[in-house]
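Report on the following structure.
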Amino acid sequence: METPPPMESNALVSIEMQPEYLDTQITDVDVQPTKRRKKKSIVWEYFTIENVGQGVRRACCKQCKQSFAYSTGSKVAGTSHLKRHIAKGGCAVMLRNSDPVTPKTAPVNGAVKRRYKSFNPAASYSMFDPDACRREMARMIILHDYPLHMVEHAGFNAFVHNLQPSFNMVNFNTVQGDCVATYLREKQTVHKLIEQMPGRVCLALDLWNSHHTTGYVFVTGQFIDSDWKIHKKLLNVVMEPYPESDSAFSHAVSACLSDWNLEGRLFSITINQPISEIGLNSLRNLLSEKNPSILNGQLLLTNCFARSLTDIAQVALKSAQGTVNKIRDCVKYVKTSELIEEKFLALKQQLQVLSAKTLVIDDQTRWNTTYEMLLAASELKEVFSCLDTLDPDYTEAPSVEEWKVVENVCTHLKLLFNTASLLTSSTVPTANTFFHEAWKLQLELTRASASEDKEISTLTKLMLESFDKYWKNSCLTLAIAVVMDPRFKMKLVDFSFTKIYGDEAATYIKIVDEGVHELFLEYVALPLPLTPAVFEQVNGGPGDPRQEDGDHGSGRLGNGLGLTDFDVYIMESTSQQSKSELDQYLEESLLPRIHEFDVMGWWKLNKVKYPTLSKMAHDILTVPVSTVSPGSVFDTGMNEMDHYRASLKPDTVEALFCAKDWLQFEPTESMDSLVKIEFPI
């Protein structure tokens, strides 16, 4: 074995010389080993040369003993691949043991000064950390819904091995444990957030089906933190063997309250589908049992707003199903042929149709795409009507009456679409937003149902009948929430109910007014901590003469005992004579109706003025009106657990879904140390 002579520099890559020495020939390329010249590349500090055959030499890594091609006869392979081995993490031994390579001082000979660029393997590659790789792989699987078994797929294993040969790929059980460990670590953070919340939690329940006939109840909690910021967190995914049973939802709620120590802190429940009266009573009793002082369980919303809007939209589309199918076929005819689409666009330009809408075939599992398809077709109806002049095969143009049906359907779907779009926001909306939206729908549908146009009245009566189911169930909660908006208070409730119910409005207004006062009195009865101002009034603040020792002769009674009780008596008697916080709030003038109004921010600023009412406000304003995620607002069917996840353990399913919800808004740099969990086969 031939070992190249040691170098004087530890890191020679390029050389800069003084002008008077430019005629000296020094290169950075490797010379053939047969010439016995001193080698200039740093790689020879890490490699030796071995003769493996006649005219064949290989470079051997001093650390890991791996050999690489170097020369065959007069042909030299160069050193780039050797540099990559030591600089890009190919040498596992060096990565474990290496320290940053510090360049040695270049030799100085008289006036000759050579400056060397340092070649530092550690500087061009961060230290390989297999635990960090496992953490990031678990995070990747969770965030992107990849199957856990991907770690056992041959293609993925080959890909990872090429990226980092030193990484020992984990198996299914190990990556399952890593994902659960990520969930448990994130759960601690959420748990601390819930423990510190000043108010109560509102739950939303979303039932998913599966091909196994088992169900999964997704339990989402909404609450505010001490800084009055609203949070929406997926708390549990509870597998229910018999999802159609009367106790499925109540069992999921009980499991959530126990898991997160929320007994006595539950404010409301919102579910996404009608259930039996027995199931409703079971939930209502649970709500009252866990929080007996909150409106006797009336804060149970049995209709998800998003699902209700979807049901109404489907009623409208079903009433005009024949026409909708015909429009869909016309759009397909144009969109499935490039030649026909070109003719269509040319005809549109010729007719000078100004619509900017683009034809798109709808996805029948999402009703908003059907609405957008009908709307685009309606604006381009003139083009459809004349298309047969360019294409004789087009013979199914809708009639004038059919276009009128499409326009009627689009007009009323627009109301639903605009309202549902509010639920697709990435921010969590407060409940006060939706009283006005629901009232507008109720009012418009009521007016349209009395139209003299038979087609309009027939369509909207069906829609109104469907919407009434939601309105009757959710009206009280939405009305109380809007009363907590200082821009509207009871005034909007009075106005809205008068518009809807006419002479009967007083009855409904009275129900809301009584509900608001009843809820306020229940908060008054709750044990609330004294504010600093009240504490100082009762017990004496800094500089209070009752806290001073000294002369008792100037009219003061000893150490102040008795006067403290007198102060409390004065406060109580004054409080009885004065108006309540609620009455003061309702009698004050309305705030200007600005568009970007932060209702939570307003209550945060006024919590000292309204210490009790502010607590009631942050609970009622966090009631979720929808149980589905923003991406599922327009879905026409129930969510269904895919085959793969339904085959996993229920605890693993819960870990994957909850961890994804919690990780979505966290930076990747915040990963902590890995908690290793192995699952038995």
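Keep in mind that what you see is a predicted model, and the values were worked out from it rather than measured. In this chain, numbering begins with 1 at the start of the sequence shown.
For the ring pair (Phe, Tyr, Trp, His ring centres under 6.0 Å) test, residues two or more places apart in sequence or in another chain that qualify with Phe218 are Trp208, Phe657. Every side-chain contact (heavy atoms from CB on, under 4.5 Å) that Pro147 has, sequence neighbours left out, goes to Met150, Tyr644. Under the salt bridge (Lys or Arg N to Asp or Glu O under 4.0 Å) criterion, Lys187 pairs with Asp259, sequence neighbours left out. Trp367 is linked by a ring pair (Phe, Tyr, Trp, His ring centres under 6.0 Å) to Phe634, counting only residues two or more places apart in sequence or in another chain. Annotation: ring pair (Phe, Tyr, Trp, His ring centres under 6.0 Å) contacts of His231 (sequence neighbours excluded): Phe223. Every residue two or more places apart in sequence or in another chain that forms a ring pair (Phe, Tyr, Trp, His ring centres under 6.0 Å) with Tyr470 is listed here: Phe305.
Under a 4.0 Å N-O distance rule, the pair Lys579/Glu587 qualifies as a salt bridge. Salt bridge Lys604/Asp227: present, at least one basic N to carboxylate O contact under 4.0 Å. Electrostatic pairing of Arg265 and Asp619 does not count as a salt bridge here, judged by no charged N lying under 4.0 Å from a carboxylate O.
Checking side-chain atoms of Ser276 against main-chain N and O of Gly279 turns up a donor-acceptor pair under 3.5 Å. Put simply, the side chain of Ser614 gets close to the backbone of Pro611: a donor and an acceptor are under 3.5 Å apart. Between the side chain of Ser421 and the backbone N or O of Phe417, at least one donor-acceptor pair lies under 3.5 Å. Between the side chain of Ser496 and the backbone N or O of Val493 there is no donor-acceptor pair closer than 3.5 Å. Counting only distance, with no hydrogens or angles, the side chain of Asn606 and the backbone of Trp602 share a donor-acceptor pair below 3.5 Å. Distance alone, capped at 3.5 Å, places no donor-acceptor pair between the Gln222 side chain and the Lys232 backbone. A donor-acceptor contact shorter than 3.5 Å is absent between the side chain of Thr270 and the backbone of Ala204. Checking side-chain atoms of Ser258 against main-chain N and O of Ser254 turns up no donor-acceptor pair under 3.5 Å. Judged by distance alone, the side chain of Thr419 and the main-chain N or O of Leu416 form no donor-acceptor pair under 3.5 Å. Thr477 contributes no side-chain N or O that, together with a main-chain N or O of Leu299, makes up a donor-acceptor pair within less than 3.5 Å.
Under the 6.0 Å cut-off for aromatic ring centres, Trp603 and His618 do not qualify, their centroids lying 6.0 Å or more apart.
Inter-residue side-chain proximity for Ile271 and Ile269 is flagged as met; some heavy-atom pair is nearer than 4.5 Å. Val201 has its side chain within reach of Leu203: a pair of non-hydrogen atoms, C-beta onward, lies under 4.5 Å apart. Within the 4.5 Å cutoff, side-chain heavy atoms of Thr460 are placed close to those of His412. Side-chain contact between Leu613 and Lys607 is absent, with no heavy-atom pair separated by less than 4.5 Å. Counting heavy atoms from C-beta outward, Trp439 and Leu443 have side chains that approach closer than 4.5 Å. The shortest side-chain heavy-atom distance between Asn303 and Asn272 does not fall under the 4.5 Å cut-off. In this structure, Thr220 and Leu235 have side chains that are not in contact, with every pair of non-hydrogen atoms separated by 4.5 Å or more. Between Leu234 and Val219, the closest side-chain pair of non-hydrogen atoms is not below 4.5 Å.
Using modelled atom types and a 3.5 Å distance limit, the side chains of Asp225 and Gln196 yield no donor-acceptor pair. Counted by atom type alone, Ser629 and Ser632 present one or more donor-acceptor pairs between their side chains at under 3.5 Å. Judged purely by distance below 3.5 Å, without hydrogens or angles, the side chains of Thr369 and Asp362 never pair a donor atom with an acceptor atom. Asn473 and Thr302 share a side-chain donor-acceptor pair at under 3.5 Å.
Judged as a salt bridge (charged side-chain N to carboxylate O under 4.0 Å, His left out), not a single pair has a partner in residues 238-248 (not counting sequence neighbours). Note on residues 232-273: pairs passing ring pair (Phe, Tyr, Trp, His ring centres under 6.0 Å), not counting sequence neighbours, are His191-Trp260. A salt bridge (charged side-chain N to carboxylate O under 4.0 Å, His left out) check over residues 624-648, counting only residues at least two apart or in different chains, returns the pairs Asp145-Arg645, Arg366-Asp635, Asp642-Arg645. Pairs engaging residues 423-443 under the salt bridge (charged side-chain N to carboxylate O under 4.0 Å, His left out) rule: Glu437-Lys440 [sequence neighbours left out]. For residues 466-481, no pair satisfies salt bridge (charged side-chain N to carboxylate O under 4.0 Å, His left out), with sequence neighbours left out. The side-chain hydrogen bond (donor to acceptor under 3.5 Å, both in side chains) pairs that include a residue from residues 480-489 are Asn432-Asp485, Asp485-Arg487, where partners are two or more places apart or lie in different chains.
Relative orientation of the Phe435 and Trp471 rings is tilted, given thresholds of 30° and 60° on the angle between their planes. Between Tyr183 and Trp662, the two ring planes are parallel [angle under 30°; tilted spans 30° to 60°].
Closest of all the heavy-atom pairs between Leu519 and Met616 is CD2-CE, 3.8 Å. Ala431 approaches Val623 most closely through the heavy-atom pair CB-O, 3.6 Å.
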Next item on the list: Could you go through the side chain to side chain donor-acceptor pair (under 3.5 Å) check for Ser580 and Asp583 one step at a time?
Entry: CA-CA 5 Å; Ser580 68; Asp583 291 334; 3.2 Å; yes
Margin query: Applying side chain to side chain contact (heavy atoms under 4.5 Å, CB included) to Lys649 and Val653, what does each step give before you reach the verdict?
Written below: CA-CA 6 Å; Lys649 297 177 181 179; Val653 174; over 6 Å; no
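Interatomic distance, CG of Leu262 versus CZ of Arg200, reported as 12.0 Å (0.5 Å rounding). To the nearest 0.5 Å, atoms CZ (Phe520) and OG1 (Thr612) are separated by 5.5 Å.
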